[in-house]
2 protein chains.
Amino acid sequence: MTLHRQSLILTENCPIRDVLDRLGDRWTVLVLHELAGGTLRFTEVRKRIADISPRMLAQTLRRLEQDGLVRREVFPTVPPRVDYALTALGSSFFERIEMLAQWASDHHDEVRAARQAYVAPAANAPL
Amino acid sequence: MTLHRQSLILTENCPIRDVLDRLGDRWTVLVLHELAGGTLRFTEVRKRIADISPRMLAQTLRRLEQDGLVRREVFPTVPPRVDYALTALGSSFFERIEMLAQWASDHHDEVRAARQAYVAPAANAPL
DNA sequence: CCGTATCCGTGCCGATACTG
DNA sequence: CAGTATCGGCACGGATACGG
């Protein structure tokens, strides 16, 4: 995502944006969620997230590894085996995501009610 | 909340996804951030977020209003005036986002260091 | 001033085939 | 098993022009 200027949150080189952007993609949170349950192999993650393609899983894991949130461990066996696990950093990050998820869960009824009650304003006709 | 496997996060009508998806788009967090400072008119938000187009601002505000996070108040004056402000729900939501932002800020150095240290694994050559 | 309508480019993601 | 390579669709968002 392009960086934006002039904001406490969004200035260039913005640490917030670096992190929040990852929440926007389709799989990151899911993968973190699965790894929060413990170390998993590539295929094990695939099975748990039924409709993720190998391409997207690899890409997601790579980025998490790059950012130090996930540790990748390769065993030189045949057939090959690769374990993925959250790092301490990854765990602490996922904790915050869970807090957000908790909020969403707690207030979902209010959001749904608001959506229900919402009536679109007449186009270009304030009052 | 015990995000459970398969998946409280991804199922349809999922409360978590409803919320997290909004963090993925380019402007929502920014707009919330600006409104957290107090009520603003449409144009005032535009000025503060310099490169947002009227289209995207309107769209973002509409969704926030729909979800009950922002309240829209129209004054039948000439020229027209429309105020936007966070609701209590919106404020409590933004608090959680700030917690996440705080985490990002606190750990940005670690993430940057991890990115720096990262070396891509050789393609298809585990060890 | 406060938006909407329209067009269009870009990048995410899915599907699939293939390799060490 | 653990990925990579390639192609293509489609939604998201940018730019612009216009309307109440």
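Chain letters run A, B, ... following the sequence lines, proteins first and then strands; every chain starts at 1.
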Whole-Å distance separating the CG atom of A/Asp25 from the P atom of D/dG13: 14 Å
To check you understand the geometry: which heavy-atom pair defines the closest contact between A/Arg22 and A/Asp67, and what is its length? CD-OD2, 4.1 Å
Distance check needed: D/dT4 P versus A/Arg46 CZ, whole Å only. 13 Å
Taking only the side-chain nitrogens and oxygens of A/Tyr84, find out if one of them lies under 4.0 Å from OP1 or OP2 of D/dG3. yes
For B/Pro54 and B/Phe42, work out which heavy atoms get closest and say how close. O-CZ, 3.9 Å
Note, B/Glu65 side chain near B/Leu61 side chain (heavy atom, < 4.5 Å): no
What are the residues of residues 35-44 of chain A, sorted by number, that bring a heavy atom to within less than 4.0 Å of DNA chain D? A/Arg41, A/Phe42, A/Thr43
Carboxylate-amine/guanidinium contact A/Asp25 A/Arg63, below 4.0 Å: yes
Do the side chains of A/Ile49 and A/Glu34 get nearer than 4.5 Å, heavy atoms only? yes
Locate the shortest heavy-atom distance separating A/Leu35 from A/Tyr84; write the atom from each residue and the value. CD2-O, 3.5 Å
To the nearest Å, give me how far apart CG (A/Asp83) and P (D/dG3) are. 10 Å
Is it the case that atom CZ in B/Arg112 sees more than 12 heavy atoms from other parts of the structure closer than 6.0 Å? no
Decide yes or no for B/Val82 and B/Arg72: does some side-chain heavy atom of the first lie under 4.5 Å from some side-chain heavy atom of the second? yes
At a heavy-atom distance below 4.0 Å, what parts of residues 57-64 of chain A sit against DNA chain C? none
Indicate if B/Tyr118 and A/Phe93 have the same hydrophobic cluster label, given that clusters are the connected sets of ILVMFWY residues with side-chain heavy-atom separations under 4.5 angstrom. no
Under 4.0 Å between a Lys/Arg side-chain N and an Asp/Glu carboxylate O for A/Asp18 and B/Arg115? yes
For nucleotides 14-17 of chain C, which of its nitrogen or oxygen atoms have a protein nitrogen or oxygen under 3.5 Å away, and what is each distance?
| from | atom 1 | to | atom 2 | distance (Å) |
| --- | --- | --- | --- | --- |
| C/dG14 | OP1 | A/Arg26 | NE | 3.3 |
| C/dG14 | OP2 | A/Trp27 | NE1 | 2.9 |
| C/dG14 | O6 | A/Arg55 | NE | 3.1 |

